[in-house]
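Just so you know, residue 1 is the first one in the sequence shown, and it goes up from there.
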Amino acid sequence: MMYINAFLLGGILCALFQIFMMFTKLDPPRILVLGIALGALLTPYGMMDALGSWGGAGLALMCIGAGNAIGGSFMAFLGGNPMPIAIILGLLMILTSIGIVSGAVRVAVTKGSTNKNVGAK
């Protein structure tokens with residue numbers, strides 16, 4: 001039964017986000033940011049815990065789960081425990097660095113292949 005609940009919750013959330021994306025004409029990154037914000041907003045009210053206990057991994061793998069992690073970490077920070085928010089900020093810095101390095105490598109590779117094609121003409 002647990003797998004069915006996870007499948008149903010994940011499917012319902014994906015369908016809702018898809019419908020929202022079709023009607024608002026927003027691009028996927030903005031929809032993902034809205035999902036993270038929704039998860040962060042639902043966390044203090046206990047709704048994420050209720051959905052997570054019913055749907056399990058159907059919620060944990062969604063972008064709403066990331067918002068839940070951010071919201072829960074911020075609530076722990078406000079409660080006097082700075083460690084969860086420090087971990088999230090550290091991960092954010094690491095992932096940002098990886099993104100910058102990946103972009104720089106892609107630009108370097110693209111410029112290198114473009115210059116070779118220009119010289120061959």
* Asked: What's the shortest heavy-atom distance between T43 and G39, and which atoms?
  -> OG1-O, 2.7 Å
* **Transitive ILVMFWY side-chain link I98 to I100, under 4.5 Å** => no
Identify each donor-acceptor pair in which a side-chain atom of residues 4-20 lies under 3.5 Å from a protein atom, sequence neighbours left out, and give them as a table.
{"residue": "N5", "atom": "ND2", "partner": "W54", "partner atom": "O", "Å": "3.4"}

Just list the side-chain donor-acceptor pairs under 3.5 Å for residues 27-38, sequence neighbours left out, or say none.
{"residue": "D27", "atom": "OD1", "partner": "R30", "partner atom": "NE", "Å": "3.1"}

Validation: residues 70-91 side-chain donor-acceptor distances under 3.5 Å, sequence neighbours left out:
{"residue": "S73", "atom": "OG", "partner": "A69", "partner atom": "O", "Å": "2.8"}
{"residue": "N81", "atom": "OD1", "partner": "M83", "partner atom": "N", "Å": "3.3"}

